[in-house]
2 protein chains.
Amino acid sequence: MVSNTDSSEALAQRLSDSGLRSTPQREVIYSVLLKKRDHPTAEDVFARAKPEMPMISLATVYNCLETLVQCDLVRAVNFERGPTRYCPNLRPHAHFHDEATGATHDIELPPGMLDQVKAVLPPHFDATSVEIIFRGKAPSKA
Amino acid sequence: MVSNTDSSEALAQRLSDSGLRSTPQREVIYSVLLKKRDHPTAEDVFARAKPEMPMISLATVYNCLETLVQCDLVRAVNFERGPTRYCPNLRPHAHFHDEATGATHDIELPPGMLDQVKAVLPPHFDATSVEIIFRGKAPSKA
DNA sequence: CTTCATATTTAGAATAGTTCTTATTCCTTG
DNA sequence: CAAGGAATAAGAACTATTCTAAATATGAAG
Ligand SMILES: [Mn+2]
Ligand SMILES: [Mn+2]
Ligand SMILES: [Zn+2]
Ligand SMILES: [Zn+2]
């Protein structure tokens, strides 16, 4: 189990590595993402942060999420044109979008899978990232 | 080479299979997509359709594109939160988004690649579709 | 052919999610 | 303690898209 202070120290470290400050808002938002990893939207994060920090604004939530994405502590995930969702899972993984429930599941990828997929690229296509999105029906209990 | 009448007959067939009518607007929009396969946005399609049909409205372009997607004649493609792009390539393929130019390239997939990727899914995850998106630098001439 | 019912198109209003602007507050450093 | 930059907050603005409502086209039935 990762303690609260561990993760906020990790956060502070990453932020200062990027020349940014650690702030109460950034800490609350990162902790919200770590606490419930269900790929919340910015509005979801806003709602979850408010009880802990009633004066926080939606603009700040967007700013902080963007900052966390820039620091590579969080991934932004998009399905079609729905609201962006945020994911603190840094391991290489794909996303499964359950069309019945709207839920998003992480699909861990075996090592080498991403390279295997990149191998389909013709010569001189140089990919900095590969994203895999599944859509369908997920098991009820997952 | 696919003749204009061939493709508009194929379109008429697909539409009537879905209980829909073939209309001049739908034909123009489909032909615009076939003519230049650079993954245009709805606005791009609107601009390209106008010379042939000056009275066409943007709402109709959206309506027709949606119809073509429903009929499985066209794929809608999204990158982050940019405008939706439209692709008439029906073969299984991935997309490569060139971050320098903004261009989108089709990446043909060897047969079996999608099944290979689906094989990473844990039991009881039933995917109806798999989408693969690359991001990076494409060769200048492609 | 007409008539009628319905599908489609159109123009513009409305919407959702996000970004921008500006003023204020908060730190950090000298 | 200043000064200066960084960050936040509130609300306006923006973009792509969808919705609404009225007009038009189409096609089946008589
Ligand atoms: Mn997506
Ligand atoms: Mn996308
Ligand atoms: Zn995830
Ligand atoms: Zn394509």
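To find a chain, count down the sequence lines: A is the first, B the second, and so on, and within it residues start at 1. Not measured: the values here are computed from a predicted model.
Among the heavy atoms of the strands, none lies under 4.0 Å from A:T41.
When all heavy atoms are compared, the tightest approach of A:C87 to A:H95 is SG-NE2, 3.9 Å.
For the pair A:E80 and A:R135, the salt-bridge criterion is met [side-chain N within less than 4.0 Å of a carboxylate O].
Residue B:K50 places its NZ atom among 12 or fewer non-hydrogen atoms of other residues, nucleotides or ligands, all under 6.0 Å distant.
Atoms CD (A:E66) and P (C:dT19) sit 7 Å apart, rounded to a whole Å. The CE atom of A:M55 sits 11 Å away from the P atom of C:dC26 (whole-angstrom rounding). Between A:L58 atom CG and C:dT18 atom C1' the separation is 9 Å, expressed in whole Å. Whole-Å rounding puts the A:E43 CD to C:dT19 P distance at 13 Å. Atom CG of A:L15 and atom C1' of D:dT8 are 15 Å apart (whole Å). The separation between A:N63 atom CG and D:dA10 atom P is 13 Å, rounded to whole Å. A:F46 has its CZ atom 9 Å from the P atom of D:dA9, to the nearest Å. In this structure, the CE atom of A:M53 is 13 Å from the P atom of D:dA10, given to the nearest Å.
Among D:dT17, C:dG17, C:dT9, the nucleotide with an atom closest to any side-chain atom of B:C64 is C:dT9. You'll find that the side chain of B:P83 is closest to D:dT17, out of C:dT9, C:dT18, D:dT17.
Relative orientation of the A:F134 and A:F96 rings is parallel, given thresholds of 30° and 60° on the angle between their planes. Ring pair A:H97/A:F79 is tilted by interplanar angle, where 30° to 60° counts as tilted.
A side-chain N or O of B:E27 and one of B:S22 form a donor-acceptor pair less than 3.5 Å apart.
Proximity of residues 17-29 of chain B to DNA chain C (heavy atom under 4.0 angstrom from any strand atom) is restricted to B:L20, B:R21, B:T23, B:Q25, B:R26.
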